[in-house]
2 protein chains.
Amino acid sequence: MTDVATEKPRRGRPPVSDEQRQRQRLDISRHAVRLFAEQGVAATSGEQIAQASGVSERTFWRYFPQKESCVEPLLTKMVDAFCAVVRAWPREMELIDHLREAYSPLLGAASEDIEAVLSVVRLTQEERALRAAYLMLRERAEDALAEVLGERMGRPAGDVEVRVQAAAMSAVLKVSTDDVARAASGGVTTETLEGHREQIATALRDLSRML
Amino acid sequence: MTDVATEKPRRGRPPVSDEQRQRQRLDISRHAVRLFAEQGVAATSGEQIAQASGVSERTFWRYFPQKESCVEPLLTKMVDAFCAVVRAWPREMELIDHLREAYSPLLGAASEDIEAVLSVVRLTQEERALRAAYLMLRERAEDALAEVLGERMGRPAGDVEVRVQAAAMSAVLKVSTDDVARAASGGVTTETLEGHREQIATALRDLSRML
DNA sequence: TCATTTATTGGCACCATCTGCCATTAAGCG
DNA sequence: CGCTTAATGGCAGATGGTGCCAATAAATGA
């Protein structure tokens with residue numbers, strides 16, 4: 001009978017807000033990624049990351065159940081951005097056109113971290129453990145994509161056709177992102193990003209040539 | 001000056017043949033997968049797998065550097081089969097037609113294990129750790145695919161367009177395979193497999209509708 | 001058959017990963 | 001300040017995984 005979130009005469013210390021927690025995770029992840037890049041994943045211990053982040057090892061493991069998950073906060077920034085673009089895709093518009101229109105400004109908004117994000121993507125190309133975490137993350141994003149696409153197509157997100165399209169789109173994005181990460185190893189320019197956008201666009205076209 | 005494999009007055013115990021090693025790996029992997037299915041990955045220790053396989057724990061770790069890799073031998077059977085089909089794809093033929101023609105007999109050839117393979121795929125849908133291993137494996141297969149496609153297109157395998165097509169194809173195959181694995185949880189029939197083939201075919205068509 | 005050579009195996013020590021449990025501290029509220 | 005609840009830290013312990021070395025297996029040559 002009672003509503004889900006009713007009857008809450010909250011007492012005691014309140015749980016930390018979600019954003020607070022995300023910020024903490026992000027902060028730790030920065031330290032971790034730096035260490036990963038400097039000495040490799042295997043050579044970086046949880047203890048080391050915890051120490052660098054100024055928390056106890058125990059709480060570090062609470063924030064990141066596996067040490068490879070340290071790349072998640074940065075990487076989700078990227079996939080979330082793409083999902084947002086797709087979510088804003090108007091029905092009557094071609095995807096490629098929408099990308100050209102909407103992608104660039106969004107990247108500008110998140111550009112504070114874009115350098116870091118791309119360096120993490122590069123890391124995942126060398127470090128197997130990180131790559132695995134990356135791929136898992138992408139699959140989560142694929143689910144989100146399927147959700148959006150399903151709604152657009154008026155079908156359930158679990159529908160095979162929907163999933164196929166989501167997976168294909170995700171795959172295109174993966175290849176393009178890997179490529180731009182490699183290309184931008186010597187610093188990110190506006191050109192780099194526009195190149196990325198164009199690359200996704202042409203890659204989508206290339207797909208159609210395959211059928 | 002001398003040839004690669006010349007001047008070999010081999011002495012001492014010879015290394016085991018590659019097939020021998022693969023067979024051993026496959027054998028261990030069967031035990032491991034059974035245990036994974038019965039009690040979950042986390043609850044299955046390396047010691048347990050080793051014991052079930054009749055080898056010492058130490059050699060188990062030598063065969064499988066991480067315990068999740070135990071799924072590889074079975075799963076590679078599947079992706080290798082698909083790669084072989086693509087490799088045999090004649091230039092002048094449509095991919096879909098080739099699939100319809102070549103896919104079915106090949107599955108028949110490897111059908112001894114097909115039940116086991118599909119059950120492993122199902123496992124990867126529930127066990128995060130196995131899923132990660134699966135995705136890594138698929139990416140290796142994607143490289144092989146890119147190799148084949150690159151040759152067909154007269155381009156290097158590293159070419160972005162080639163990689164995009166390989167990734168998209170791989171993605172389609174992934175979704176279809178996940179789906180057929182789910183569908184075939186109650187036993188595999190010829191119908192199931194033909195359904196899989198058709199599903200890949202139509203999925204490839206669907207892709208083109210997305211552009 | 002025996003010595004020699006090389007590859008695999010197993011045993012052991014050891015560090016890292018991660019978890020459960022509990023005491024301590026922090027943050028809100030009357 | 002007491003009361004309550006959440007977060008943290010410390011510690012023990014199981015598991016994952018590696019390096020090292022001794023033991024054994026499989027070949028060859030004398």
Side-chain angles (χ1 to χ4, degrees), chain A residues 5 7-29 31-32 35-36 39-72 127-130 132-133 136, chain B residues 5 7-29 31-33 35-36 38-72 127-130 132-133 136:
Chain A
E7 303 296 333
K8 288 280 181 181
R10 296 256 31 223
R11 314 182 15 133
R13 174 181 182 168
V16 293
S17 68
D18 226 37
E19 321 112 80
Q20 188 78 13
R21 189 178 166 79
Q22 298 307 327
R23 222 176 335 217
Q24 174 80 303
R25 265 175 71 90
L26 186 59
D27 179 58
I28 297 178
S29 81
H31 291 282
L35 290 169
F36 287 166
Q39 1 167 332
V41 176
T44 305
S45 70
E47 186 185 4
Q48 216 172 348
I49 302 174
Q51 205 158 356
S53 315
V55 299
S56 81
E57 193 179 342
R58 187 60 186 88
T59 52
F60 165 69
W61 290 121
R62 262 196 273 263
Y63 275 93
F64 296 97
Q66 304 133 27
K67 79 172 170 184
E68 302 83 30
S69 334
C70 288
V71 293
E72 285 179 12
E127 295 270 2
R128 291 182 49 82
L130 298 191
M136 292 289 284
Chain B
E7 303 296 333
K8 289 278 180 180
R10 296 254 29 216
R11 315 187 8 132
R13 174 180 183 169
V16 293
S17 68
D18 227 35
E19 323 110 81
Q20 188 79 13
R21 189 178 166 77
Q22 299 306 328
R23 228 187 323 245
Q24 173 81 301
R25 266 175 70 90
L26 186 59
D27 179 58
I28 297 179
S29 81
H31 290 282
V33 165
L35 290 169
F36 286 167
E38 283 173 10
Q39 2 167 329
V41 176
T44 306
S45 69
E47 186 186 4
Q48 216 172 345
I49 302 174
Q51 205 157 355
S53 315
V55 298
S56 81
E57 193 179 341
R58 187 63 186 86
T59 52
F60 165 69
W61 289 121
R62 261 195 275 263
Y63 275 92
F64 296 97
Q66 304 133 27
K67 81 172 167 184
E68 302 84 29
S69 334
C70 289
V71 294
E72 286 180 12
E127 294 270 2
R128 291 182 50 81
L130 298 190
M136 291 288 285

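Residue numbers begin at 1 in each chain, while the letters A, B, ... track the order of the sequences. Note that the coordinates shown come from a computational prediction; the quantities given were computed from them, not determined experimentally.
- Between A/Thr44 and A/Leu35, the shortest heavy-atom contact is OG1-O, 3.5 Å.
- Straight-line distance from the CD atom of B/Gln51 to the C1' atom of D/dT15: 15 Å, rounded to whole Å.
- If you find the closest nucleotide of DNA chain C to A/Glu68 and to A/Pro14, the one lying nearer the 5' end belongs to A/Glu68.
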How far apart are the C-alpha atoms of A/Phe36 and A/Glu127, what are their side-chain angles, what is the distance that settles it, and do they pass the side chain to side chain contact (heavy atoms under 4.5 Å, CB included) test? CA-CA 9 Å; A/Phe36 287 166; A/Glu127 295 270 2; 6.0 Å; no
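- Residue contacts shown for B/Ser69 are absent, as no nucleic acid heavy atom lies under 4.0 Å away.
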Write out a two-atom table: protein N or O, nucleotide N or O from nucleotides 1-4 of chain D, distance below 3.5 Å.
none

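- In this structure, A/Thr59 reaches the D/dG9 phosphate: one of its side-chain N or O atoms is under 4.0 Å from OP1 or OP2.
- In terms of modelled atom types and a separation under 3.5 Å, the side chain of A/Ser17 and the main chain of A/Gln20 share a donor-acceptor contact.
- In this structure, the side chain of B/Ser45 engages the main chain of B/Gln48 through a donor-acceptor pair within 3.5 Å.
- When side chains are defined from C-beta on, A/Val55 counts as touching A/Gln24, because their heavy atoms get closer than 4.5 Å.
- Note that the two end axes of the helix from C/dT1-D/dA30 to C/dG30-D/dC1 enclose an angle of 10°, each drawn from 5 base pairs, rounded to 10 degrees.
- Atom-to-atom, CD of B/Glu57 to P of C/dC14 comes out at 17 Å; the value is rounded to the nearest Å.
- Looking at the side chain of B/Trp61, the nearest of the listed nucleotides D/dT18, D/dA7, C/dC21 is D/dT18.
- Side chain of A/Lys67, nearest nucleotide from D/dT15, C/dT17, C/dA7: C/dT17.
- Closest approach to the B/Arg62 side chain among D/dG10, C/dG10, C/dT8 is made by C/dG10 (side chain taken as heavy atoms from C-beta onward).
- Between atom OG of residue A/Ser29 and atom CD of residue A/Gln22 there is a gap of 10.5 Å, rounded to the nearest 0.5 Å.
- Rounded to a whole Å, the CZ atom of B/Phe64 is 13 Å from the P atom of C/dT9.
- Although no hydrogens or angles enter the test, the distance criterion places no donor-acceptor pair under 3.5 Å between the side chain of B/Lys67 and the main chain of B/Ala32.
- Within 4.0 Å (heavy atoms only), A/Gln66 reaches sugar-phosphate atoms of the nucleic acid but no base atom.
- Side-chain contact between A/Phe60 and A/Glu47: absent, with no pair of heavy atoms (C-beta onward) separated by less than 4.5 Å.
- Using a 4.0 Å heavy-atom cutoff across all strands shown, B/Tyr63 reaches sugar-phosphate atoms only and no base atom.
- In this structure, the CD atom of A/Glu47 is 13 Å from the C1' atom of D/dG10, given to the nearest Å.
- Each of D/dG9, C/dG11, C/dT8 was ranked by its minimum atom distance to the side chain of B/Ser56; first place goes to C/dG11.
- B/Ala132 and A/Ala132 make their closest contact through CB-CB, 4.2 Å (heavy atoms, listed as atom of the first residue, atom of the second, distance).
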How far apart are the C-alpha atoms of B/Ile28 and B/His31, what are their side-chain angles, what is the distance that settles it, and do they pass the side chain to side chain contact (heavy atoms under 4.5 Å, CB included) test? CA-CA 5 Å; B/Ile28 297 179; B/His31 290 282; 5.7 Å; no
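- Residues of residues 16-24 of chain B that place a heavy atom closer than 4.0 Å to DNA chain C, in numerical order, are B/Val16.
- Here D/dG17 presents its C1' atom at 17 Å from CD of B/Gln48, a figure rounded to the nearest Å.
- Other residues, nucleotides and ligands contribute at most 12 non-hydrogen atoms within 6.0 Å of the CD atom of A/Gln51.
- Along DNA chain D, the nucleotide closest to B/Pro65 and the one closest to A/Phe60 are compared, and the more 5′ of them pairs with A/Phe60.
- When all heavy atoms of B/Met136 and A/Arg128 are compared, the pair lying nearest together is CE-O, 3.6 Å.
- For A/Arg58 and A/Ser45, each mapped to the nucleotide of DNA chain C holding its nearest heavy atom, the one lying further toward the 5' end belongs to A/Ser45.
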